[in-house]
Structure formats: structure tokens, C-alpha cells
Amino acid sequence: MEDVGAVAGSTVRLVMEVLAGTRPLRQLARRATPAVCRGLAPFAVAVRPRGPIQPPRVLTSWVQEPAAGAAEAGAVIAVNGRVQALALRLEHHRGRWRCTALETTAPPR
């Protein structure tokens, strides 16, 4: 079984890169449900910004497992010079973890 901490960390990084415009939203599809991807679409940057890009950074993150087969993760990230928060719910189904809910303080684009 996949380590939930590693999956949460990689999912946070994917979401952060989508918000920064350095990764296309479609690359999140393996880690998140279609509903999560649709919900993130208004926040995603479709085109990379011109000029120098500040790499996004995870400032702090955490994972907890409130029940078997469910995990909640949170992170404080820096994207394009702004500090934002992420909250994710991961559920284990058919041998792998998937993000089934996502909230962010990022402003819609």
C-alpha cells in the first residue's frame, strides 16, 4: 500500500504547481477525482506567466488519518509571492490514495 504521507506530499506539490502555472491541471488527474479537478480549474493558471518565475514552495505541511482509509492533509504554500493555504481529503480506494476534496485560499483566476 502506498504511504499516505508521500501521496499527500506529492499531491500538495502538484496542486501548488498548477496554481503557479508551472504544471497543467490535467497532470493532477491520476491523484484527484474529476470533481476535484473541475473545482480547481477556476484557480489554475492556464498559461505560464512571462518573465522570471518564482518557484512555488511548501512552507509547512501535515497529514493525519482520522479513520482507516481516510486522510486529511494541509499545507501553507508560497505561490507567485503570495502565501496561501491548502486542505485536502484523501481516500484509499482500490489500492491507491486519491484526493476527493480540496480547498484553497488562492484567489480564482
Determine which pairs satisfy side chain to side chain donor-acceptor pair (under 3.5 Å) with at least one residue from residues 6-18, sequence neighbours left out, and list them in order.
Glu17-Arg23
Closest contact, heavy atoms only, Ala85 versus Thr105:
N-OG1, 2.8 Å
Using side-chain heavy atoms (C-beta onward) and a distance below 4.5 Å, is Arg26 in contact with Cys37?
no
Enumerate the salt bridge (Lys or Arg N to Asp or Glu O under 4.0 Å) contacts for residues 92-109, please, sequence neighbours excluded, ordered by first and then second residue.
none
Flag side-chain contact, heavy atom, 4.5 Å: Val15 against Ile77
no
Could you list the residues that satisfy salt bridge (Lys or Arg N to Asp or Glu O under 4.0 Å) with Glu72, not counting sequence neighbours?
Arg89
Test: salt bridge (Lys or Arg N to Asp or Glu O under 4.0 Å). Region: residues 31-44. Which pairs qualify, not counting sequence neighbours?
Glu2-Arg31
Across all chains, not counting sequence neighbours, the salt bridge (Lys or Arg N to Asp or Glu O under 4.0 Å) partners of Arg82 are none
Specify the closest pair of heavy atoms between Ala71 and Val4, including all atoms of both residues, with the distance to one decimal.
CB-CG2, 3.4 Å
Using the rule that two of Ile, Leu, Val, Met, Phe, Trp, Tyr join whenever any of their side-chain heavy atoms come within less than 4.5 Å, decide whether Leu25 and Phe43 are in one cluster.
yes
So which heavy atom on Ala8 is nearest to which on Leu90, and how close?
CB-CD1, 3.7 Å
Quick check: is Leu88 connected to Trp97 through a chain of hydrophobic side chains (ILVMFWY, heavy atoms under 4.5 Å apart)?
no
Write down the atom of Pro56, the atom of Val79, and the distance for their closest heavy-atom approach.
CB-CG2, 4.3 Å
What is the distance from atom CG of Asn80 to atom CG of Leu19, rounded to the nearest 0.5 Å?
9.0 Å
Between the CD atom in Gln84 and the OG1 atom in Thr104, the distance rounded to the nearest 0.5 Å is 5.5 Å
Using a 3.5 Å distance criterion without hydrogens, assess whether the side chain of Thr60 forms a donor-acceptor pair with backbone atoms of Ala75.
no
Val12 and side chain to side chain contact (heavy atoms under 4.5 Å, CB included): which partner among Val63, Val58, Leu102?
Val58
Residues in side chain to side chain contact (heavy atoms under 4.5 Å, CB included) contact with Ala44, at least two apart in sequence or another chain:
Val18
